[in-house]
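Structure first, then comments.
A quick note: this is a predicted structure, and the numbers were derived from the prediction, not measured. Chain letters run A, B, ... following the sequence lines, proteins first and then strands; every chain starts at 1.
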Amino acid sequence: MSFREFKEHVKKCVEIAIGEAEYPMIDFEPIEPPRPEFGDLSVNVAFIIANKLGLNPLEVAEIIGDKLRIPEDSLIEDFEVHKLGYINFKVRYPYLAYRSILDAISKEDYGSLNIGKGKKVCIEHTSVNPNKALHIGHVRNLVIGDSIYRILKFTGYDVQVLNYVDDSGLQIADIVTGFKYAGFSLEPPEGMKFDHYCGDEVYVKVNELYSKRPELIIKQKEVLRAIEEGKSEIAIFAKELTKKILKEQLKTCWRIGAVYDCLNFESHIIEARLWDLLFNKIKDKGIVQFVKEGKLSGCWVIKMEGEKDEKVLVRSDGTLTYIAKDIPYAAWKIGLIEDPFQYDVFVRQPNGKDLWSTVSGKGREDHPTFGNSDLAITVIDVRQSRLQKIISYVLSLLEGGLGKKYLHLGYEVVSLSKKTADELGIMVKDKEFIHMSGRKGIYINADDILDALHKKAYEETKKRNPNESEEWLNNIAEKIALSALRFDLIKQDLDKMIIFDLNESLNLEGETGPYVQYAHARAASIIQKAGVIPKITLDSASSLNDPVELELIKMVSKFDLYVEDAVKNLSPKTIARYAYQLATNFNAFYEKKPVLQEKDEMKREARIALVQAFKNVVKNAFSLLGIETPDRI
RNA sequence: GGGCCCGUGGCCUAGUAUGGAUUAGGGCGUCAGCCUGCGGAGCUGGAGGUCGUGGGUUCAAAUCCCACCGGGCCCGCCA
């Protein structure tokens, strides 16, 4: 924690010096210099002030330097005015080492912050149509959403996770048509998960059949109408079917490590007439207009500032468009309409937490409060950006200064590399990748990737642990597989497309989750062999003075700064990069500095404590990404 | 046609929000090394760079502005 103190201390001292020198006060942040010989923090205030007043930066820096008063015994050991005009500060390493190692080995929640102060946030992610299995693209969504959820929780937000289930769309009608009119059996082949069966066999093949058997399209339309109207035998069948698929999907989600608070079914949004609850408010505020003439005659539309075309919300026949269903749902999330839903427990999750869902008819009274958040975050890929922008726009007009906010967290899609597509028997012309499509069968299922990763990890683990039981090996292999997958999908920026290549993703070395897990396991092994309770004193901390030790200490002490960055920018990759860098620092330390063999007792004690500190921090960092760190792998 | 995003060695990527330090960090791959030391899923070193192109702003540009090129996405009374 104390790198933050060091930083604040530097800022304060410089501010006082600027005042003493009677320069105008400016806004600045101490930054980390590019090279260690420039110290641990640096300020460039002299440039800014010099620029403003037309002075020479070096002279300004020297005057500020003259005025700088560093209290005795503070976290700042020394400072230096560089000839270019920077003022560089050196941290007092014994203090930094002592405080951060002590915190890291003694505080369970080391790195946590109270930024949220209990503010209520709901985050929606996963939201896979319940007619197929999760593919790699859905996993990116889940991993982003679940990581953000964990980071928000770690920083003092009161977070609920929602998973939207579109159980009334055309995709559902497709598989119902397959089962009812195209002769598909309700029993999947031996050993095949039901969601895989529905997606890989029924959904894809029914869509192929439409061109050969046009009568099926008629049936599909009938099915869709029946589903929308509810009550009929077909509608009940559809409902049971989607529930069955959803339960299989959830198994995959849990396998990847996600948990949810509530499932929101689209059919219940329609049933609850959510739109009607909102429509008058929107009309009163003049957000929507009724079109009297032209080609949109008879429609209710919305026109956004700066947009050319208006968007239809209510068709001329009175039915609602897609976005008209989304707006009231979004409004419900941030409490702009009263909660009209009934709830019941859908299933108990593996972590023991109940998963609630909206229900048709009467639900339970004792449900938690859902919706009515201060902030709603919706994780959907960038193709939805325009529609999401309209939703944010409408809600911002509607919320009336309550400080409620709707936020779209977009990310680029995952596509398949040509090589992986070839291996799956998918033709790719001219390009190095192909966009996925559930309907066309162009995708790779999450479970299949995990199985492949599991197999690879199992082999590696068995090599290293030949005498361990199958159960142990499989348990560890699964954790390594998840680490590889989750880390791979979270480490890069959200707005970069991922071209997924199965072969490359099977790599467990280098900038990967397993690399970090391995460093953690090395640390765990040292601690276990040390057989003592790690402890640190100011004296022993002072003995840590090799550059590899200092770098590791500094990285440990900066954890909360990275956490803050991650939450402020909703950027989980920040945590992934931090964990990787931390592990790299540890490995460098591990190579260079013996711990258990160290003869000097004080040094040994300090190094054991540093190892324990690293172990705890990397564990906390990885837990924010939903990745476990076993003591042995 | 309008809008959004991306472009950094053979491949992938950090840094871009808030412009700064004559070595632009990593990883994969490649080449050469490193344990009779706590786990080699590791470590050290080498080769490999017009930060898409051109202009502008600035004492200073991968970072800001403009134009262009290349790639992706979105723009329905579908969802």
Side-chain angles (χ1 to χ4, degrees), chain A residues 27-29 31 33-35 37-38 42 44 47-48 50-51 56-57 82-86 88 129 166 168-171 266 291 295-301 306-309 311-317 319-323 325-326 381-387 389 410 412-413 415 431-433 435 457 460-461 463-465 480 484 491-499 501 504 507-519 521-530 568-569 571 573 577 580-581 583-584 586-588 590-598 607-608 611 632-633:
Chain A
D27 195 33
F28 70 97
E29 274 305 307
I31 53 156
R35 283 147 64 181
E37 59 265 36
F38 296 143
S42 176
N44 66 345
F47 290 97
I48 303 167
N51 204 1
N56 179 336
H82 189 270
K83 62 175 187 293
L84 284 174
Y86 291 95
N88 297 327
N129 290 338
D166 182 357
S168 55
L170 206 59
Q171 340 80 23
E266 173 154 297
V291 181
K295 62 178 181 185
L296 295 181
S297 179
C299 298
W300 286 91
V301 301
E307 292 268 341
K308 273 202 163 140
D309 303 311
K311 189 88 198 150
V312 173
L313 296 182
V314 183
R315 301 186 188 102
S316 50
D317 66 2
T319 57
L320 301 180
T321 61
Y322 168 60
I323 190 164
K325 290 176 210 163
D326 262 17
D381 73 56
V382 288
R383 290 173 300 185
Q384 297 285 332
S385 293
R386 196 179 112 87
L387 290 174
K389 205 171 142 194
E412 261 292 351
V413 296
S415 41
K431 294 203 169 167
E432 285 311 302
F433 65 90
H435 285 296
E460 287 293 323
T461 312
K463 254 188 244 166
R464 291 149 210 266
N465 304 278
I480 293 168
K491 71 178 178 186
Q492 63 284 81
D493 206 81
L494 298 182
D495 47 31
K496 278 204 159 103
M497 181 165 63
I498 294 178
I499 297 173
D501 186 278
E504 279 174 32
N507 183 20
L508 309 178
E509 293 165 13
E511 202 174 63
T512 66
Y515 171 96
V516 179
Q517 287 178 313
Y518 180 69
R522 280 175 143 185
S525 173
I526 291 175
I527 296 301
Q528 195 240 324
K529 286 188 174 141
K568 287 199 168 153
N569 297 307
S571 165
K573 75 162 185 220
R577 304 240 150 243
Y580 176 71
Q581 186 56 52
T584 301
F586 175 78
N587 277 333
Y590 183 92
E591 291 292 327
K592 197 167 173 199
K593 292 285 154 188
V595 177
L596 301 176
Q597 281 81 2
E598 175 56 48
R607 285 185 195 153
I608 289 170
V611 171
R632 283 198 305 122
I633 66 173

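Using a 4.0 Å cut-off between charged side-chain N and carboxylate O, A:R315 and A:D317 make no salt bridge. With respect to A:R577 and A:E511, a salt bridge is recorded, a charged nitrogen being found less than 4.0 Å from a carboxylate O.
For the pair A:L494 CG and B:C5 C1', the interatomic distance rounds to 12 Å; values are reported in whole Å. Taking atom CD on A:E29 and atom P on B:U18, their separation rounds to 13 Å, with Å as the unit. Rounded to an integer number of Å, the gap from CD of A:Q517 to C1' of B:G39 is 15 Å. The nearest whole Å value for the distance from the CZ atom in A:R522 to the P atom in B:A41 is 8 Å. Atoms CD1 (A:I498) and C1' (B:C6) sit 14 Å apart, rounded to a whole Å. For the pair A:F433 CZ and B:G71 C1', the interatomic distance rounds to 7 Å; values are reported in whole Å. Summarising the geometry, the separation between CD on A:Q581 and P on B:G25 is reported as 13 Å, rounded to the nearest angstrom. Between A:E432 atom CD and B:G72 atom C1' there is a gap of 15 Å when expressed in whole angstrom units.
OP1 or OP2 of B:C73 sits under 4.0 Å from a side-chain N or O of A:H435. Using a 4.0 Å cut-off, some side-chain N or O of A:K496 falls inside it from OP1 or OP2 of B:G7. Between A:K529 and B:G39, a side-chain N or O to OP1/OP2 separation shorter than 4.0 Å is present.
Of the possible donor and acceptor atoms, one in the side chain of A:D501 sits under 3.5 Å from a partner among the backbone N and O of A:E504. Judged by distance alone, with hydrogens and angles left aside, the side-chain atoms of A:N507 form a donor-acceptor pair with the main-chain N or O of A:E509 at under 3.5 Å. Side-chain atoms of A:S42 never come within 3.5 Å of backbone atoms of A:P33 as a donor-acceptor pair (strictly under, hydrogens ignored). Proximity of a side-chain donor or acceptor of A:S525 to a complementary backbone N or O of A:A521 within less than 3.5 Å is not detected. With hydrogens and angles ignored, the 3.5 Å screen pairs a side-chain donor or acceptor of A:N465 with a backbone N or O of A:T461. The backbone N or O of A:V312 lies less than 3.5 Å from a partner atom in the side chain of A:T321, making a donor-acceptor pair.
Residue contacts shown for A:K593 include a base, since a base heavy atom lies under 4.0 Å away. Contacts of A:S415 with the nucleic acid, taken as non-hydrogen atoms under 4.0 Å apart, are absent. Base engagement by A:N44 is indicated by at least one non-hydrogen atom pair under 4.0 Å involving a base atom. Contact annotation for A:I633: base contact, defined as any heavy-atom pair under 4.0 Å involving a base atom. No contact: A:N56 has no heavy atom under 4.0 Å from any strand. Looking at heavy-atom distances under 4.0 Å, A:Y580 makes contact with sugar-phosphate atoms alone, never a base. Looking at heavy-atom distances under 4.0 Å, A:A530 makes no contact with the nucleic acid at all.
Taking the P atom of each, B:A47 and B:G56 are spaced 35 Å apart, rounded to whole Å. Remark: the separation of the C1' atoms in B:G25 and B:U8 is 11 Å, to the nearest Å. On the P atoms, B:G26 is 36 Å away from B:A67, given to the nearest whole Å. Comparing the P positions of B:C35 and B:G40 gives a spacing of 13 Å, expressed to the nearest Å. Using atom C1' as the reference point in both B:G70 and B:U53, the two lie 10 Å apart (nearest Å). Rounded to whole Å, the P atom of B:U30 lies 33 Å from the corresponding atom of B:C73. For the P atoms, the distance from B:U63 to B:G9 is 15 Å, rounded to whole Å. Comparing the C1' positions of B:G19 and B:C64 gives a spacing of 7 Å, expressed to the nearest Å.
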Legend entry - A:I498 vs A:E412, side-chain contact (heavy atoms from CB on, under 4.5 Å): CA-CA, chis, key distance, verdict: CA-CA 7 Å; A:I498 294 178; A:E412 261 292 351; over 6 Å; no

Inset, instruction - Output, in order, the C-alpha distance, side-chain angles, deciding distance and verdict of side-chain contact (heavy atoms from CB on, under 4.5 Å) for A:V314 and A:T319. - result: CA-CA 6 Å; A:V314 183; A:T319 57; over 6 Å; no

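The side chain of A:Q492 has B:A14 as its nearest neighbour among B:A14, B:C38, B:G40. Of the candidate nucleotides B:G71, B:A21, B:C43, B:G71 has the atom lying nearest to any side-chain atom of A:K431. Closest to the A:Y518 side chain, of the nucleotides B:A14, B:C38, B:G42, is B:G42. When distances run from any side-chain atom of A:D495 to the nucleotides B:U22, B:G42, B:C6, the shortest one goes to B:C6.
A:F38 and A:H82 have perpendicular rings, their planes meeting at more than 60° on a 0 to 90° scale where under 30° would count as parallel. Ring geometry for A:F586 against A:Y590 counts as tilted: the plane angle lies between 30° and 60°, on a 0 to 90° scale.
Put simply, the residue from A:V382, A:D381, A:L387 that forms a side chain to side chain contact (heavy atoms under 4.5 Å, CB included) with A:S385 is A:V382.
With centres under 5.5 Å and a plane angle under 30° as the test, the ring of A:Y515 is not stacked against the base of B:A41.
Both A:Y590 and A:T461 sit near RNA chain B, but only A:Y590 has its closest nucleotide nearer the 5' end. Residue A:K573 is the one, among A:K573 and A:S525, whose nearest nucleotide of RNA chain B lies closer to the 5' end (criterion: closest heavy atom).
In A:K593, the NZ atom is crowded: over 12 heavy atoms of neighbouring residues, nucleotides or ligands sit closer than 6.0 Å.
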Identify the pairs formed between an N or O of the protein and an N or O of nucleotides 74-79 of chain B at a distance under 3.5 Å, and give each distance.
unit_1: B:C77; atom_1: O3'; unit_2: A:R315; atom_2: NE; d: 3.0
unit_1: B:C77; atom_1: O2; unit_2: A:S316; atom_2: N; d: 3.4
unit_1: B:C77; atom_1: O2; unit_2: A:S316; atom_2: OG; d: 3.1
unit_1: B:C77; atom_1: N3; unit_2: A:S316; atom_2: OG; d: 2.8
unit_1: B:C77; atom_1: N4; unit_2: A:K295; atom_2: O; d: 2.7
unit_1: B:C77; atom_1: N4; unit_2: A:S297; atom_2: O; d: 3.4
unit_1: B:C78; atom_1: OP2; unit_2: A:R315; atom_2: NE; d: 3.0
unit_1: B:C78; atom_1: OP2; unit_2: A:R315; atom_2: NH2; d: 3.4
unit_1: B:C78; atom_1: O3'; unit_2: A:R315; atom_2: NH2; d: 3.3
unit_1: B:A79; atom_1: OP1; unit_2: A:R315; atom_2: NH2; d: 2.4
unit_1: B:A79; atom_1: OP2; unit_2: A:R315; atom_2: NH2; d: 2.8
unit_1: B:A79; atom_1: OP2; unit_2: A:Y322; atom_2: N; d: 3.1
unit_1: B:A79; atom_1: O2'; unit_2: A:D166; atom_2: OD2; d: 3.4

Is there any protein nitrogen or oxygen under 3.5 Å from a nitrogen or oxygen in nucleotides 57-61 of chain B, and what are the pairs?
unit_1: B:C59; atom_1: N4; unit_2: A:N51; atom_2: ND2; d: 3.3

Inset, instruction - Taking Watson-Crick and G-U wobble pairs with both distances under 3.5 Å, convert RNA chain B into its dot-bracket string, 5' to 3', dots for unpaired and | for cross-strand pairs. - result: (((((((..((((......[....)))).(((((.......))))).....(((((..]....))))))))))))....

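No hydrogens or angles were tested; on distance alone, nothing pairs the side chain of A:T512 with the base of B:A41 as donor and acceptor under 3.5 Å.
For the 3.5 Å distance criterion, the side chains of A:N587 and A:Y518 fail to qualify, holding no donor opposite an acceptor.
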